Amino acid sequence: MEFDFRAIEKKWRKDWEDKGIYRVTEDASKPKYYVLDMFPYPSGAGLHVGHPLGYVASDIYARYKRLKGFNVLHPMGFDAFGLPAEQYAIETGTPPQVTTDKAIATYKEQLGKIGFSYDWSREVKTCDPSYYKWTQWIFLQLFGSWYNREKDKAESIDTLIARFAQSGTDGFAQFDKEDHAPFTAAEWKGFSEEEQQHILMHYRLAYQSYSEVNWCEALGTVLANDEVKDGKSERGGYPVERRKMRQWFLRITEYSDRLLRGLDTLDWSEAMKDMQRNWIGRSEGAIIQFNLTQTLSKGEGLNTNTGKPGFYHTDPLSWNANIEKAKEHRHDPTEAEEIVWQRLRGNATGHKIRRQHLIGSYIPDFVCILKRLVIEIDGPIHNDQQEADQERTSDLRRLGFEIIRFKNEAVFANIDNVIQQIKSRLDSLPDVPYDGAITSETNEDVLAPSPLERAGGEVAVFTTRPDTIFGATFMVIAPEHELVASLTTPAQQKEVDDYITYVKSRSDIERQQEKRVTGAFTGSYALNPFNGARIPIYLAEYVLAGYGTGAIMAVPADDERDRKFAEKFGLPVIEVIDKSMYPGATIEDKVGKMINSDFINGMEVKDAIKAMLEKVEALGIGKRQVNYRQRDAGYSRQRYWGEPFPIVYKGDLPYPLPVSELPVVLPDVTSYKPSGDGRSPLANATDWVNTSHGQRETDTMPGYAGSSWYFLRYMDPNNPDAFAAKEKIDYWQNVDLYLGGSEHAVGHLLYSRMWHKFLHDLGYVPTEEPFQKLVNQGMIQGVSKFVYLLSWESSDSTVHKVPYVFVSKEFYNDYLSNGKVITPRLTTLIEDLIKEYGGDAKNVFWDNVKINDWHLDIRLAEDGKLDIEGYKKWRPDFERSVFILNDNQEYLVDFAVEKMSKSKYNVVNPDDVIEKYGADCFRMFEMFLGPLDQSKPWDDQGIDGVAKFLRKFWRLFYDDKGASRVSDEAATDAEYKVLHKTLKKISEDIERLAFNTCVSQFMICTNELIELKCTKRAILEPLVIALAPFAPFISDELWAALGHSDSVHKATFPAVEEKYLVESSFSYPISINGKVRANLQFDLNMGEAEVKAAVLANDVVLKWTEGKEPKKFIFVKGRIVNVVV
RNA sequence: GCCCUAGUGGCGGAAUGGUAGACGCGCUCGACUCAAAAUCGAGUGUCGAAAGGCGUGGGGGUUCGAGUCCCUCCUGGGGUACCA
């Protein structure tokens, strides 16, 4: 009987289905194991040979685990919502449901042929209402929860409401004044429903906010990033603009730290973990406040010697210590002070007066810097502190200031008199300007401050390098920063406006790819809190509004981008780190000794950062801050084919629907085209939108919604009362082995980890992490093939008559090596051809003759030679073509390894392979190609080897005439050794997912058994079990032939018996100076001394040692002998 | 740029720091056959007649011994990005 795989596979496929042998239940008597493949999107194109690579691997593993006595959950389903089906619906009107069902049927048919052991009774589809009911339910949980940072877990929003009702925002560390104003418990209770809801929206884990989307007016819809190319819509090429729209978001950033820490507990590749770590992007640093400079006045000016403003009469530490107090005083003056101020302000006396201005460590009531005069208005308290006042006066004198004092009563009694006294004193004093003071003539801008400077505001920056603050010579804020308008001085208004217009015209992608340095000066200056330097504030694209505070202190000496910016705008560079003792250290490395940096001079960078952080916090000008690169995840799509939100609007407020209303079923619509006003096609289904509860949300959920929790549904796929029953989740816990492509590293794998942690916080799942072990399978690439078309243009009309000319690959190679110029041989050829068709070769644009490569169907050149007739049939438009052959009269095509894709005509369909070789062969060959995690091109050249192996294995059981060869004779030790060597290798290699070497071992084993002429049941039976995970069909057939009535897939994996593997002697490779020169057999009991004696006496060894005593003798038992001479 | 990953015969690939190239394809020769397919046997890194030399992307290092560990450079693949 010949090995007839077609009949066998058909027979067993039916048998397995009839008996439901892959049905899985929660069997408490066995340990559980959950093997999962990443959720496929059922594309209309069906499977190609690349898709099943991971599925075959996981199926082998699942089957192996079953044989090892585990209760294995190994399900399959479909991530069925998605853009392609919707796009097809827009184009053809076919409902996405129909397209999707058809694609799923194709997938299942194809998967079925390969012999996977999925329990199809557990299939889930995300687009099935009984499934997405629970996607919606989880969304409601997210909406109804907030993240309690004190407990570091999510909990019901009710606990937050209770907190607000009890103590408002008082002592609530999570409160951020950027989000909303602080309130008391009483105020909370007094808020309207709307006000309360708006506040809660800042805490919900699913929340609404405004964000920019790609709006395409012409298409009337919002586009995804990959649907936008060069600022235009990919379809149609219409303009796309950024538009703010209200969107749903998931507050995944609350989980950033846990997502990061959780990675340490997972059995994932470091590459994968690194990708997630980089994506989350944790950075420790500080937020530091920079005060803005105050108005500079004529005469005070800027001290060009110190770089400090002329009004600056203090030191940085006193400034930092007192500036807040001074501001308070300004806002809350005494009655007398206020009366005086009203008469002094705005140069009323002809002199510029400042109030509550810092001089040394004092804050006098008023001061005229130019005249060096301090004016104090003394309240009653001064009667009791004469001594202190005395000391203060002398201190101020030392700083060069005179003092004039008035009592409150004097001010109240006769203000005119007081002002007159002040004025005459000022008039009598000489000006004391700084050297190099600026004047209004040269620097009008500094005399016309920005609104924020006038208001004495401040700007916060985020930095991970607080140690470099002494090198901060300018500040950069994002063009979208909310303070831009108030930082812009009148003189800089136009420049800033122009710059912002330029920035707005650019897409995110363009901004990211921009290598030029661009920016604009706002006109404002900030004060470096540590050295008082006055530093300009610029706008620049390279600072992003969404990260940190949207502002940086720029340190050109220690940051590449800052340095480039400084070069471009002519800004100073102050070196602050000496890296001379770290040769090879780059600007980015956090090493070196601090210089030019005051109190941290000489410190190592690491220590300096620490010292600076402490100082900053001690001075109260900033605080430590951990930032994450990761953003909250957008959760809205203005699309039809996705999960509807269980949300209705009453007025403008979103309200969750009660769970009893779930699922909110996606309605049928007449058109899948967008509504045109930015809402999804659902907006047109007015009957559906308007409900008694309110108006439905018309956005739908994104692709990752359904795939973020599907692994839980497989545990209990048909449960109508819960996403999965508690006892089932408790049994299955989480996925033990998850297989899929690395392209999901930062999307799906982060979202599902977050959902899982959220469900864990709420007590629905016992585990913190959903996927314990993760393995990425490599891609199977296609091998594309090319023909070469010669093309030219001519000014006469014969060009249209002359047939197309295809040249063999040698001509193309010559063309390439000739600098993309055709060789004389081809020139002659074209000339002859044109002549033949009555044209004149002179009219050809010879500079423009090209050879282009064209993809062709790979089946038309299986051995590298083109099937010319087949090609003409395949492309009738090229029927009238000339094919120029090489010297061997062949037309050779060239190859390239590329992604497998329809458009490259390099797709190999597994159905074709299975038809030709069978599923068992296909499965084993996919594994035989190489290591699972490596990408490799599909090339079925070697598949014959696997097919041959299966036939050989079959012939161990049957002879030529189809009679059974299996004997019940006792097996020899040699035969047992072959068996157990194989069993050992197979089980070890399956455990480490090295399936390629398993296949090799099966081949070796079969060859050895043939050599031994062994057809004994005692050997073959265990082998059939071991082969079953790889080749399930042939194994079940042979198992039955051995007389078993139950399936081989219900058997137990045979134990390895080490006793057959014990060797008594070993053939030692004898190397001299590390080079193997001989092999000598020694008993494994022999010790070093005995072996040494024998080795050194050996002829070959003697020849190499020339009889000398070796320098060294290395003996590794059972491994090697090395003689060093 | 940064991160990850790989580089071994004509090809896919194997090799706990211990005999490089297992296994398979392809190729060569042979057997069976009228012939072909299938099957079976022998050979197959490279230079050399042989002895032997050389060989795991290049260069350097550690080691008795390096494809494997370290440094550095080159090339391919994947990911990611003005993240302060």
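Computed from a predicted model, the values in this text were never measured in an experiment.
- Taking atom CG on A:Asn278 and atom P on B:U80, their separation rounds to 11 Å, with Å as the unit.
- In this structure, A:Glu1011 places its CD atom where only 12 or fewer heavy-atom neighbours from other residues, nucleotides or ligands lie under 6.0 Å away.
- Note on A:Arg277: every side-chain N or O is 4.0 Å or more away from OP1 and OP2 of B:C4.
- The nucleotide whose nearest atom lies closest to any side-chain atom of A:Trp279 is, among B:A81, B:C82, B:A84, B:A81.
- Computed from coordinates, the A:Asp939 CG to B:G10 P distance equals 17 Å when rounded to whole Å.
- Residue A:Val1124 is in sugar-phosphate contact alone, with no base atom involved, counting any heavy-atom pair closer than 4.0 Å across all strands shown.
- Rounded to whole Å, the separation between the C1' atoms of B:G12 and B:G1 comes to 34 Å.
- Taking only side-chain nitrogens and oxygens, A:Arg465 never comes nearer than 4.0 Å to OP1 or OP2 of B:A84.
- Counted by atom type alone, A:Lys952 and A:Asn1007 present one or more donor-acceptor pairs between their side chains at under 3.5 Å.
- Taking the ring pair (Phe, Tyr, Trp, His ring centres under 6.0 Å) definition, one finds that A:Phe1113 meets it with nothing, sequence neighbours left out.
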Problem set entry | Test side chain to side chain contact (heavy atoms under 4.5 Å, CB included) applied to A:Phe928 and A:Cys921, step by step | CA-CA 10 Å; A:Phe928 190 56; A:Cys921 184; over 6 Å; no

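- When Watson-Crick and G-U wobble pairs are counted only if both distances are under 3.5 Å, B:C2 pairs with B:G79.
- Every residue two or more places apart in sequence or in another chain that forms a side chain to side chain contact (heavy atoms under 4.5 Å, CB included) with A:Leu1096 is listed here: A:Lys1092, A:Val1101, A:Pro1110, A:Val1123.
- Base orientation of B:G9: syn, the glycosidic angle falling within 90° of 0.
- Each of A:Arg1077 and A:Phe1066 has a nearest nucleotide on RNA chain B; the 5'-most of these lies closest to A:Phe1066.
- Comparing atom distances between the A:Tyr542 side chain and each of B:C82, B:A84, B:G18 picks out B:C82 as nearest.
- Judged by a 6.0 Å distance limit and a 45° cone about the ring axis, A:Arg631 is not positioned over the six-membered ring of A:Trp279.
- With rounding to whole Å, A:Arg951 atom CZ is found 7 Å from B:A38 atom C1'.
- Nucleic acid contact class of A:Arg282 (heavy atoms, under 4.0 Å, all strands): none.
- A:Gln630 and A:Arg282 share no donor-acceptor pair across their side chains, judged by distance under 3.5 Å alone.
- Between the P atom of B:G1 and the NZ atom of A:Lys564 lies a distance of 11 Å, rounded to the nearest Å.
- Remark: B:G65 base-pairs with no nucleotide; criterion is Watson-Crick or G-U wobble with both hydrogen-bond distances under 3.5 Å.
- Summarising the base pairing, B:A35 is matched to no nucleotide, lacking a Watson-Crick or G-U wobble pair whose two defining distances lie under 3.5 Å.
- Out of B:A81, B:G18, B:C40, the shortest distance to the side chain of A:Arg629 is found at B:A81.
- Between the NZ atom of A:Lys1112 and the P atom of B:C64 there is a distance of 4 Å, rounded to whole Å.
- Separating the CG atom of A:Asp960 from the P atom of B:U39 is a distance of 12 Å, rounded to the nearest angstrom.
- Across all strands shown, nothing is found opposite B:A20 as a Watson-Crick or G-U wobble partner with both distances under 3.5 Å.
- Residue contacts shown for A:Leu929 are limited to sugar-phosphate atoms, with no base heavy atom under 4.0 Å away.
- Going from atom CZ of A:Phe462 over to atom P of B:C82 covers 16 Å, rounded to whole Å.
- For A:Arg955, taking side-chain heavy atoms from C-beta onward, the closest of the listed nucleotides B:A84, B:C82, B:C40 is B:C40.
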Seminar exercise, completed: Counting primed atoms, P, OP1 and OP2 as sugar-phosphate and everything else as base, the B/S/- map of nucleotides 20-32 of chain B against protein heavy atoms under 4.0 Å is --BBSS-------

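- When the P atom is compared between B:U56 and B:C4, the two are found 26 Å apart, to the nearest whole Å.
- Checking A:Gly930 against A:Gln934, the closest nucleotide of RNA chain B that is more toward the 5' end is the one next to A:Gln934.
- As judged by a 4.0 angstrom heavy-atom cut-off over every strand, A:Asn1122 is placed among the base-contacting residues.
- In the set B:C64, B:A84, B:A14, the nucleotide with an atom closest to the side chain of A:Ile1114 is B:C64.
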Exercise. Given A:Asp944 and A:Arg951, is the salt bridge (charged side-chain N to carboxylate O under 4.0 Å, His left out) satisfied, shown in steps?
Worked result: CA-CA 10 Å; A:Asp944 279 334; A:Arg951 282 196 297 266; over 6 Å; no

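- Pair check for B:A42 finds B:U28; Watson-Crick or G-U wobble, both atom distances under 3.5 Å.
- Atom CD in A:Gln777 sits roughly 18 Å away from atom P in B:U5 (whole-Å rounding).
- A:Asn776 and A:Met272 get closest at one heavy-atom pair: OD1-SD, 3.3 Å.
- Within 4.0 Å (heavy atoms only), A:Ser1071 reaches no atom of the nucleic acid at all.
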